[in-house]
Student: 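Sharing a structure with you now.
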Amino acid sequence: MELKNKKWTEEEFFKVRQEVLNQWPTGKDVDLEEAAEYLRKVPEHKSFPAKLKKAKEEGITLAQPRAGVALIEDHINLLRYLQDVGEADLLPSTIDSYTRQNRYNECEIGLEESRKAGRSMLNGFPAVNHGVEGCRRVFEAVDLPLQARHGTPDARLLSEIIHAAGWTSNEGGAISYNIPYAKSVSLEKSILDWQYCDRLVGLYEEMGISLNREPFGPLTGTLVPPSISNAVAIIEGLLAAEQGVRNITLGYGQCGNLIQDVAAMKALEEQAEEYFKTFGYDVYLTTVFHQWMGGFPQDEAKAFGVISWGSATAALAGATKVIVKTPHEAVGIPTKEANAQGIKATKQTLNLLRGQRLPMSKELEEEIKLIKMETKCILDKVFEVGKGDLAVGVVKAFEMGILDIPFAPSKYNAGKVLPARDNNGAVRILEFGNIPFTKEIKDFHRSLLEERARYEKREVGFQMVVDDIYAVGKGFLVGRPNM
Amino acid sequence: MELKNKKWTEEEFFKVRQEVLNQWPTGKDVDLEEAAEYLRKVPEHKSFPAKLKKAKEEGITLAQPRAGVALIEDHINLLRYLQDVGEADLLPSTIDSYTRQNRYNECEIGLEESRKAGRSMLNGFPAVNHGVEGCRRVFEAVDLPLQARHGTPDARLLSEIIHAAGWTSNEGGAISYNIPYAKSVSLEKSILDWQYCDRLVGLYEEMGISLNREPFGPLTGTLVPPSISNAVAIIEGLLAAEQGVRNITLGYGQCGNLIQDVAAMKALEEQAEEYFKTFGYDVYLTTVFHQWMGGFPQDEAKAFGVISWGSATAALAGATKVIVKTPHEAVGIPTKEANAQGIKATKQTLNLLRGQRLPMSKELEEEIKLIKMETKCILDKVFEVGKGDLAVGVVKAFEMGILDIPFAPSKYNAGKVLPARDNNGAVRILEFGNIPFTKEIKDFHRSLLEERARYEKREVGFQMVVDDIYAVGKGFLVGRPNM
Amino acid sequence: MGKTVVLGVIGADCHAVGNKILERAFTDAGFNVVNIGVMCSQEEFINAAIETNADAILVSSLYGHGEIDCRGLREKCDEAGLKNILLYAGGNLVVGKQEWSEVEKRFKEMGFNRVYPPGTSPEVGIKDLKHDLGIED
Amino acid sequence: MGKTVVLGVIGADCHAVGNKILERAFTDAGFNVVNIGVMCSQEEFINAAIETNADAILVSSLYGHGEIDCRGLREKCDEAGLKNILLYAGGNLVVGKQEWSEVEKRFKEMGFNRVYPPGTSPEVGIKDLKHDLGIED
Ligand code: B12
Ligand code: B12
């Protein structure tokens, strides 16, 4: 199929679909009509779009954990615990890494070993192996909306199964679930595959069923400058909308400087709305803020500090939801207790801050302007090199380093951009690679980093980047010498 | 002695001193000259004034726990743990409640029972019973500045002992350590007694030794409107300065609304500086922010949320130090581990926020203006009824309900003021008693509470107050119906 | 209903907020509340109970010295002729986070009829008191 | 010094940040680092070690499947003729927060010479490797 940013015809979709449903035996149990029937009966309090809408209207920030284990019963216990004890507002099912690579055979091994070992040997819930029936059992056992969270470049079969099981939201996108998560999957392929996932949601929409889609905002979670992640988020929003998706949550991962973080969220929401409007898409937009996604401190009390500060920022930014970390983050997949603790610290902070926002100030206004300008520089160029086609543009832009995500493992990523914090902890760019910023913007970044260098009495350079990567884990935001 | 706001003569001081040192056998070991010698040798890193100054200049917020147990060895272990494991920047010795009431006999019982029980039966460190020698053992065993934190209306002997032992700061004041902490101690008496404590510090200053004094900002810790606590803080600052105190830390207890809290801290610092200047006092002023002082949630993860949000506010307000709560707050005096956890969550948050401030905005500016106006209304009236004498004015003002502290146990407090939160969680006043606000200000408070009432579809009234008192403990800031 | 309770905070304890709320809650529940406030000695509790012919004494202790402060109260009540008067205690009764069942045991052994852990809501005490005094809801 | 190490992240694991930092740290410490990057099979590690005549293989695993992914690596090395090649493993090797001593034991039994808990700094590995290879500092 030729890559372009164009809604797939039904013919195109159903041709590919045959193949998709044959990738693993559980695929044959997906029946679109029957699934639609099932989805129509999902009550409002278990629907992602409905709950997000309510939160947005009330100005409340919802809390959602990450969580997933190998076996169905254990997974149900885990989710129920997070719902009842943890006070979660929205539930996830984090999918294991073999599923993410479509290595369903290895999932079977993991499932078996988990049964034997009496503990999960997989780092998530292998939804494809469990099939529609298994996934419905999970859905029916909980009282909150359920979403698949993963990191899967080719999530077509997974998406078919989870939506048919009543899960009303799917995280991911052609860029955000490829470049940070894969080494050698081409963008041509991941864009086509995510067009499929989006088109599936679009089909449900056409049948009158509202499903939510959420591009993965934080990318590598490691010092990603806001304009880069916002550009990707807007692109994935537009690609989804073209396939008929109408309920979209765009996300951003906390960088740590309050003004920059709030500015990034505001810029993201406003600019995305503008682009949707320009292209004539009718999308209900909500936002998600991710608590710090980089390396965490090992100490649990310190981890609570990081978690709570993320929650506070989410509230002050007016995010529709916040993705919650846990006090075990630095060490391993959390126990259900640790996971619940993360949610409770988060909810307490959100509730203390309910209704409070960071008021507009000169500093905030300027940061919003800067992020929007930078994002526009990138997007303009993507459209330009795609000769007006966004999908083509994305492939070209990555080839040319116009889109470039720091620390990403993909060989399709240029990897030339190097970020570093300025003296206030805001993430700026040290090496621009081919990011198409104006000279003025580049000079501004440079001057901020030089301000830091003077303060720290050292040169601007790679050591700053290394220090910044370690900093939060060591208890600081900015990686100063002798931390 | 006649009560007036006038520096005591040496004659006056030393006459009273004889009596003070005879209140308990350990008093006789205090020798001013020898103590001065000892204090002169306190190294800079163990001096409160020096460490506060450095923090203020660097724009850093220091973290200080509360902690105290009955026996010296245990107390030393506790403080060392908070220093080494907890990463505290400043150390306290929280004094037990019998000492606070000068019931040293009961302390002896508590000490004995503690030895027998193998755990502290006192809620703090009985410094007077341990005497100069015991207190010096503590001081010499730690590497950080040490402060007495208590709640003692008559702290004269205590102050003599702790300063002579090298503790370079003393918390308290004539109002703040009486009205919230006592039932039937007159203000005449507590003002005179705290003039003594301040004069003692003044004498040391005259001998070239810098000691820090810190009025207790949060008062009852329960919905105290900022202008009331700021008025008290400024009064106690002025009373101290008159006796020759030159290093003062003024404090404020978190109310929970970010803008109001930052505004309160800014108003406090600026307005206090103005008053010191007007009266010609040469004072080095620093500030302290208290993490939420009211009822805490029992759940430890939720407590971490409260602790971290307090830390974030302290940092954004640019406080010189923050007083730290613990995850055990709702239940009982914390173990040393829980105490260290509180400090670590705090430090992590402070370090993430190092250098970040809430930028000036219209909302912040207006809140600062409001708090200053209200504070001035109160202070003007206090001076007026005291016919220009602040000490006399304070006594009269309490009699007349011009100064009135919500929920205070003292019979010298009118207890007519009732606070409640507005719809954004800022603490406003529901019943003004005789607080001398202008009609304009009163109407403004009223309108804010009515806005809340409309939102909650109920009447403005006492039930809001009750709900607000419980709210944080239940996980919210504003006490909404059906919380 | 006409039942009288003496309410107060024992020892050198100044925590006034819970006391004010308890007064209101027990009054709203129909009790005649004699609130002697904070910082009360055992004698003040007993005198107030005698003077008002009270049916129960509700002791709060928040600050940690509750164990020392409450010791002997039952015996003094007995001596003063307040035989079998209901004695309740609540608040943060001991120093630190301790195993609740043991704290309860210690206070029951001291002669308290009911003992409440930190953060108990007034409603719980009201329900128990009505039960113990044979009052129908 | 001229010692060669093969560095990579095993299995379906995409965590790239630590890998980039390890490459830099071991290079700065004087090693000849052959970084095969993330998402590498056991075969890729072994082939790289044979091709470059490596002295050690440094395996990272962050995502939790380390235990499954590492199983049999020592045996495959033996079969491929990489007898006694040093095998190190580090990262977040297992699923969840587990007793470290047991995790270490399991990996040692699999034939790893050294095993590192979460958050180990590169310096520790460098020091050990120099020791194991008999390099003077
Ligand atoms: C950033 C991050 C991500 C990013 C990664 C971006 C990228 N492509 O690199 C994203 C968001 C994409 C991601 C995805 C996932 N992640 Co992740 N991630 C993290 C996080 C927060 C930081 C990792 C990091 O970069 N640290 C900074 C670097 C410098 O440190 P490091 O990686 O630990 O490496 C250092 C040391 O460990 C040591 N070291 C490492 N290897 C070796 C080897 C030797 C021999 C030696 C001596 C030393 C050594 O030296 C390195 C340099 O200093 C960690 C948690 C944490 N640490 O705070 C979780 C974490 C590693 N992720 C985890 C998981 C489970 C996942 C996912 C499966 C999703 C999920 N379930 O949430 C996916 C993985 C998908 C896949 N196929 O791999 C888990 C692993 C759980 C476990 N082992 O039990 C962790 C621990 C979080 C958690 N507690 O749940 N993640
Ligand atoms: C506010 C507060 C203060 C204020 C009090 C102002 C005032 N005058 O009222 C100030 C700052 C002055 C203060 C001082 C001190 N405090 Co204080 N304080 C608190 C705090 C944060 C909230 C108390 C409160 O008002 N809660 C709200 C009300 C509504 O709830 P409540 O008091 O718990 O009462 C309810 C229930 O307990 C129950 N209840 C109470 N009694 C009874 C009795 C019966 C029969 C029944 C059925 C129910 C019942 O009903 C009440 C109404 O709902 C608590 C910790 C917490 N709970 O979060 C610490 C706490 C009570 N304080 C404590 C201490 C130690 C002190 C000090 C000694 C100082 C110190 N070391 O830090 C001094 C005491 C000095 C003295 N002489 O008493 C400790 C007690 C420790 C312990 N027991 O192990 C606590 C638990 C904090 C801690 N974890 O260290 N404190």
Student: Taking the side chain as every heavy atom from C-beta outward, state whether Thr349(A) and Ser308(B) have any pair of such atoms under 4.5 Å apart.
Tutor: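 SC-SC contact between Thr349(A) and Ser308(B) ruled out.
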Student: Rounded to the nearest 0.5 Å, what separation is found between the CD atom of Glu300(B) and the NZ atom of Lys344(A)?
Tutor: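 If I round to the nearest 0.5 Å, the distance is 9.5 Å.
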Student: So which part of Gln341(B) gets closer than 4.5 Å to some heavy atom of chain A, the side chain, the backbone, both or neither?
Tutor: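 Its backbone and side chain both get close to chain A.
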Student: Inspect the surroundings of CD in Glu44(A) and state if more than 12 heavy atoms from other residues, nucleotides or ligands are less than 6.0 Å away.
Tutor: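 No - once you tally the heavy atoms of other residues, nucleotides and ligands closer than 6.0 Å, there are 12 at most.
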Student: Of the non-hydrogen atoms in Lys302(B) and Gln348(A), which two are nearest, and what is the gap between them?
Tutor: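 Closest approach of Lys302(B) to Gln348(A), heavy atoms only: O-CG, 3.2 Å.
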Student: Checking Asp299(A) against chain B: side chain, backbone, both or neither under 4.5 Å from a heavy atom?
Tutor: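 Contact with chain B is through the side chain of Asp299(A) alone.
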Student: Measure Leu358(B) against the heavy atoms of chain A and call it side chain, backbone, both or neither at under 4.5 Å.
Tutor: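 Side chain only.
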Student: With rounding to the nearest 0.5 Å, note down the distance linking CD in Glu363(B) to OG in Ser361(A).
Tutor: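 So the gap between those two atoms works out to 9.5 Å.
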Student: Heavy-atom count around Arg80(A) CZ within 6.0 Å, excluding the residue itself: above 12?
Tutor: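 Open.
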Student: Please classify the contact of Leu353(B) with chain A as side chain, backbone, both or neither, using a heavy-atom distance under 4.5 Å.
Tutor: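 Only the side chain of Leu353(B) comes within 4.5 Å of chain A.
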Student: Given heavy-atom pairs under 4.5 angstrom as the criterion, report whether the side chain, backbone, both or neither of Leu316(B) touches chain A.
Tutor: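 For Leu316(B), the side chain is the part near chain A, not the backbone.
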Student: What part of Pro327(B) gets closer than 4.5 Å to chain A, counting heavy atoms only: side chain, backbone, both or neither?
Tutor: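 Neither; nothing under 4.5 Å.
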Student: What residue, out of Ser311(B), Gly342(B), Pro359(B), has the most heavy-atom pairs lying under 4.5 Å from chain A?
Tutor: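 Ranked by contacts with chain A, first place is Pro359(B).
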Student: Going by heavy atoms in the side chains, are Arg480(B) and Arg354(A) under 4.5 Å from each other?
Tutor: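 Result no, sub-4.5 Å side-chain heavy-atom pair not found.
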Student: If you check every heavy atom in residues 466-478 of chain B against those of chain A, which residues fall under 4.5 Å?
Tutor: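 From residues 466-478 of chain B, the residues near chain A are Val472(B), Gly475(B), Phe476(B), Leu477(B).
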